[in-house]
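Working notes, structure below.
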Amino acid sequence: MKSFSTEIAPFFHKKNYFVQFLFLLLLIIGGTIILTAFGQLMATLLSGEEVSDIYSSVNNIRIIQTFSSIGTFLLPALLFSYFAQKNLFSYSEADKSPTFSPVLIVLILSIFLQPIVYSLAYWNEMIELPTFLHNAEVWMKQMEDSSNSILTLLADNSKISILLLNILLLALVPAVCEEFLFRGTLQPFINKLVKNH
C-alpha cells in the first residue's frame, strides 16, 4: 500500500510570479485600509472625539500611524511569507539570526551616509517642476507642508518619555515594518523572478 503525504502545499505552490505579485498588492491595499480604519476606530474610542477630529490629537496620530504601518508593511509581508512557505518569517529570513559583520557595516554606513542623505533632501526641496506640472508641484508642496506640521505637532514636547514614545512608534515600528516588506519580501521576490541578486 502506497503511503502519501496529506500535508497541504503552500498557497503559492506552482502559481506564477504575476499572480503572487497581484496577491501581494491586494494584501498591501487590504492591510492598509483595514488596519488604518481599525487605528482610527481605536483612536476614536480611546479619545472620545468625533471621527472628523481625531487627527487633531497627537496621541490619536500616533495610534493611527502605528496601525497603518503594521497594516501596510508588516502584515502583508508576514501573510505573503505564510502563503509562500507556510511560515510567517521564513520568506524574509527573519527566523535567522544576523551575523556581526553586516550589522557593523550598516552602522558604519548609516553614519557616513548622513551628509549624502541631507544633500539629497536639500536638492529635493529645490526642485522646480516645469510649468505644465504646476498643479502637481503645488499638491506635493501642500502634502509636504501637511507632513511637516504633523511632525512638528508630534515633536513639540521636550519630555524624555514622549521622545522615547515617538522613537518607538514613529521611527522603530515603521522602520521594522517597512524592512519586512521591502527587504524581506519584495527583494527576495524580485531575486527569484529575475534570478539575479
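When reading the values below, keep in mind they use all heavy atoms of this one structure, side chains included, and skip hydrogens, waters and symmetry mates. Just so it is clear, the structure is predicted and the values come from calculations on it, not from any experiment.
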ask   = So if you build clusters from Ile, Leu, Val, Met, Phe, Trp, Tyr with side-chain heavy-atom gaps below 4.5 Å, do Y118 and I111 land together?
value = no
ask   = Do L129 and M140 touch side chain to side chain, with heavy atoms closer than 4.5 Å?
value = yes
ask   = Which is it for F180 and V176 under the side chain to side chain contact (heavy atoms under 4.5 Å, CB included) test, yes or no, and what are the steps along the way?
value = CA-CA 6 Å; F180 263 95; V176 170; 3.9 Å; yes
query = Do I162 and R62 touch side chain to side chain, with heavy atoms closer than 4.5 Å?
reply = yes
message = Just so I know, are the side chains of F80 and F12 near enough to count as touching, which here means a heavy-atom distance under 4.5 Å?
response = yes
request  = List the atom of E144, the atom of E125, and the distance in Å for their closest heavy-atom pair.
outcome  = OE2-CG, 4.1 Å
query = Which heavy atom in N60 sits nearest to a heavy atom in E49, and how many Å separate them?
reply = ND2-OE1, 3.2 Å
query = Of the non-hydrogen atoms in K192 and Q85, which two are nearest, and what is the gap between them?
reply = NZ-NE2, 3.7 Å
task = Kindly work out whether a path of hydrophobic side-chain contacts (I/L/V/M/F/W/Y, heavy atoms less than 4.5 Å apart) joins L133 to W139.
result = yes
key: Partners passing side-chain hydrogen bond (donor to acceptor under 3.5 Å, both in side chains) against N87 (at least two apart in sequence or in another chain)   = none
task = Say whether, by atom type as modelled, one donor and one acceptor occur between the side chain of S92 and the main chain of F89 under 3.5 angstrom.
result = yes
query = Hey, does the side chain of Q20 reach the backbone of K15 with a donor-acceptor pair shorter than 3.5 angstrom?
reply = yes
request  = Classify the ring geometry between F73 and F182 as parallel (under 30°), tilted (30 to 60°) or perpendicular (over 60°).
outcome  = tilted
key: Approximate separation, where rounding is to 0.5 Å, of L169 CG and Q65 CD   = 9.5 Å
task = First locate atom OG1 of T66, then atom CD1 of I61, and finally report the distance between them rounded to the nearest 0.5 Å.
result = 11.5 Å
ask   = Would you say L181 and I29 are hydrophobically clustered, going by side-chain heavy atoms of ILVMFWY under 4.5 Å?
value = no
key: Ring centres under 6.0 angstrom apart (F83, F23)   = yes
Atom CD of E128 with >12 non-hydrogen neighbours under 6.0 angstrom = no
Same apolar cluster (I L V M F W Y, side chains within < 4.5 Å links), L25/I190 = yes
remark   = Taking every heavy atom of L74 against every heavy atom of C177, the minimum-distance pair comes out as CB-SG, 3.6 Å
query = Just wondering, are more than 12 heavy atoms of other shown residues or ligands nearer than 6.0 Å to NZ in K141?
reply = no
ask   = Are any non-hydrogen side-chain atoms of N191 and Q187 less than 4.5 angstrom apart?
value = yes
note = In this structure, CG of L78 is separated from CD1 of I70 (nearest 0.5 Å) by 10.0 Å
message = Distance check, rounded to the nearest 0.5 Å: I64 atom CD1 versus L35 atom CG?
response = 12.0 Å
task = Check L104, T99, I105 against P102 for a side chain to side chain contact (heavy atoms under 4.5 Å, CB included) and give me the one that passes.
result = T99
query = When hydrophobic residues are tied together by side-chain contacts of less than 4.5 Å, even through go-betweens, does L75 share a cluster with I33?
reply = no
remark   = Of all heavy-atom pairs linking S81 and S90, the shortest is OG-N, 3.6 Å
note = Between the CG atom in L27 and the CG atom in L22, the distance rounded to the nearest 0.5 Å is 11.0 Å
query = Is there side-chain contact between F189 and L24, with at least one heavy-atom pair below 4.5 Å?
reply = no
key: Other residues, nucleotides, ligands: >12 heavy atoms within 6.0 Å of I160 CD1   = no
request  = Identify which one of I167, L172, N166, L168 satisfies the side chain to side chain contact (heavy atoms under 4.5 Å, CB included) criterion when paired with L170.
outcome  = N166
query = Going from CD1 on I116 to CH2 on W123, what distance comes out if it is rounded to the nearest 0.5 angstrom?
reply = 8.5 Å
task = Would you please test K86 and I8 for side chain to side chain contact (heavy atoms under 4.5 Å, CB included) and show each step?
result = CA-CA 10 Å; K86 295 186 79 175; I8 298 170; 4.2 Å; yes
key: Q40 versus T36, side-chain donor and acceptor atoms under 3.5 Å   = no
